[in-house]
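Quantities reported herein were computed from a predicted structural model and do not represent experimental measurements. What's counted below: heavy atoms across the whole structure, side chains too, no hydrogens, waters or symmetry copies.
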Amino acid sequence: MNPPTGPSHFIRDIILEDLKTNKFGGRVHTRFPPEPNGYLHIGHAKSICLNFGLAAEFGGKTNLRFDDTNPEKEETEYVDSIMETVKWLGFDWEDRLFYASDYFGQLYEWALQLIRSGQAYVCDLTADEVRKYRGTLTEPGKESPYRNRSVEENLDLFQRMKAGEFPDGFRTLRAKIDMASPNLNMRDPVMYRILHADHHRTGDTWCIYPMYDFAHGESDSIERITHSICTLEFEDHRPLYDWYVEQLGIYHPQQIEFDRLNLTYTLLSKRKLLTLVQDGHVRGWDDPRMPTLAGIKRRGYTPEAIRNFCGAIGVSKTNGIIELGLLEHYVREDLNKRAARVMAVIRPLRLVIDNYPEGQVEEMEAVNNPEDSSMGTRKVPFSRVLYIEQEDFREDPPKQYYRLSPGREVRLRYGYFVTCTGVVKNEKGEVVEIHCTYDPATKGGNAPPDGRKVKSTIHWVSAPHAVDAEVRLYDNLFTRENPSDTKEGEDFTANLNPNSLEILRGAKLEPSLTGAPVESRYQFERLGYFCVDPDSTPGNLVFNRTLALRDTWAKIEKKEKGGKA
RNA sequence: GGGGAGGUAGCUCAAUUUGGCGGAGCGGCGGACUUUGACUCCGCAGGUUGCUGGUUCGAAGCCAGCCCUCCUCGCCA
């Protein structure tokens with residue numbers, strides 16, 4: 001048994017209680033049941049971590065089960081990506097890979113059983129009529145005129161439905177429950193519908209398909225699931241879930257509902273995500289700005305960070321919205337421990353050290369990760385002409401800015417102390433090059449014998465040794481905390497952030513980054529965490545900025561500007 | 001409007017089972033440290049526990065009434 005992560009929650013408490021009362025013979029067996037009709041997103045990660053995490057904690061098992069009862073929406077492509085994603089997140093269903101479609105035969109037998117016991121009937125009402133007969137939230141429904149057909153007639157008709165004698169939607173099999181129930185789900189719900197569609201696994205074997213409600217609990221039962229964990233909107237379905245397994249007299253798992261994940265500045269609706277992809281607002285399902293796990297992975301987030309996040313947010317029945325910043329906190333926390341530090345300049349500005357010998361190159365020793373000494377050190381070449389970050393020089397520095405400016409001295413990390421002696425401007429008046437002198441007594445960045453101190457240390461890359469790269473900076477895809485909050489007549493795309501992607505082509509990297517493999521992660525010192533994008537080619541590295549470092553200076557500057565306004 | 005589920009710092013959650021001084025993480029603010037304005041560490045602020053009444057020596061918790069939010073009227077899941 002693994003120790004629980006974070007404080008307990010109501011689902012764990014239920015399991016603990018069930019273990020105490022021996023409700024399921026001491027077993028804990030959960031399942032993750034995605035419908036293979038889209039890509040998994042961060043919201044699914046919460047469910048995956050919950051189901052696999054809880055089982056692991058109590059020495060139980062978790063099944064991966066594809067809920068594939070609707071042949072019109074489901075595809076093998078999604079099955080593959082879902083399996084890959086669950087594995088990437090770090091979970092293992094071992095040999096327990098199932099499909100609801102594996103149970104179509106058994107489900108059909110059970111449907112016959114309910115017909116024989118008079119609890120299900122074939123209904124000839126059209127979809128439109130069914131809706132009218134259902135009643136409303138406040139008015140009870142009316143019973144279908146086909147409700148009291150004989151068992152023999154129902155049996156015959158249902159078998160002919162299966163045999164393909166009727167067109168799509170011509171008849172349905174319905175459970176005979178209570179058309180006056182205040183719970184609409186209990187008003188004779190449809191169990192089977194006719195759909196002459198090819199199924200991704202069963203092909204054209206079937207032309208009738210079970211509805212979710214008649215398939216899910218039964219699949220759970222077949223797999224001897226103990227705790228069937230799903231989201232809040234299924235609370236009203238639990239009476240039906242219970243009704244089916246009770247009437248069938250089969251093993252009865254317990255359905256438990258929890259709140260789905262919501263994140264600020266993030267959309268987690270499959271439909272809207274699909275719109276973003278189809279209308280070209282992003283480059284695909286794995287665009288690093290997407291909340292899909294494929295996108296998040298490409299962005300450079302780690303499975304560990306996502307798992308820690310999911311453990312920290314807890315589980316409850318409250319509908320809330322988690323701040324994106326909390327997810328980012330866990331990403332930074334994890335990357336801080338494991339990402340190798342390197343120096344890279346993403347907006348280069350030439351810096352010439354006038355008193356440094358022309359042609360001289362020194363190999364400076366740099367620490368790979370101050371958080372983990374086992375990662376060792378490396379050599380970084382230093383020379384007379386360097387690149388520094390444009391942001392690290394101000395000709396006219398505002399107060400509290402203590403980086404480089406005319407006459408001021410800073411430390412070049414692992415290099416030397418340098419003092420700015422002049423600038424070169426182009427015809428537009430922009431600074432294109434700065435000149436400095438260095439103090440040879442500060443080699444390696446060490447403080448000089450006279451005890452002189454500088455207020456700032458900046459990063460740099462030796463110009464003749466620099467490796468060029470493309471860097472992609474990302475910002476929130478939406479400008480509003482709730483992307484669906486729109487004015488009249490607008491849809492969520494009106495809240496798209498026009499600056500969510502910025503591509504920088506002339507970045508300069510220290511040479512140790514040559515040949516960095518796809519997906520490898522680094523901290524570009526003082527800038528943030530970056531990872532190598534699969535778009536990289538041998539001659540052209542492409543980096544994604546996973547996340548910027550926390551930036552106190554940016555905060556101060558923003559406050560100064562905001563204060564004056 | 002029927003039914004279901006919720007409401008505790010800015011956000012997410014504890015404390016409720018057995019009534020007994022309402023805490024944590026994140027965020028914010030301030031400081032220490034620092035060859036990353038990072039990390040780490042320390043401190044501070046922030047609550048009419050949705051509201052009103054009741055029971056009680058004592059209520060976030062128990063009782064009554066009310067308010068607000070979310071889910072639910074697919075042959076989707």
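At rC75(B), one or more side-chain N or O atoms of R134(A) fall inside 4.0 Å of OP1 or OP2 (strictly under the cut-off). For rC73(B), neither phosphate oxygen OP1 nor OP2 lies less than 4.0 angstrom from any side-chain nitrogen or oxygen of R187(A). In this structure, R193(A) reaches the rC76(B) phosphate: one of its side-chain N or O atoms is under 4.0 Å from OP1 or OP2. Residue T457(A) has no polar side-chain atom (N or O) positioned under 4.0 Å from OP1 or OP2 of rU36(B).
Looking at heavy-atom distances under 4.0 Å, G169(A) makes contact with a base. Within 4.0 Å (heavy atoms only), T318(A) reaches sugar-phosphate atoms of the nucleic acid but no base atom.
For RNA chain B, the stems formed by at least three consecutive Watson-Crick or G-U pairs, with both atom-pair distances below 3.5 Å, span B:2-7 with B:67-72, B:10-13 with B:23-26, B:28-32 with B:40-44, B:50-54 with B:62-66.
With centres under 5.5 Å and a plane angle under 30°, the ring of W553(A) is stacked against the base of rG37(B).
Here the P atom of nucleotide rG37(B) and the CD1 atom of I458(A) are 10 Å apart, to the nearest Å.
Ring-centre distance between F382(A) and Y416(A): below the 6.0 Å cut-off. When ring centroids are compared, F10(A) and F258(A) stay outside the 6.0 Å threshold.
Contacts between residues 236-245 of chain A and RNA chain B, defined by a heavy-atom separation under 4.0 Å, are made by D236(A), H237(A).
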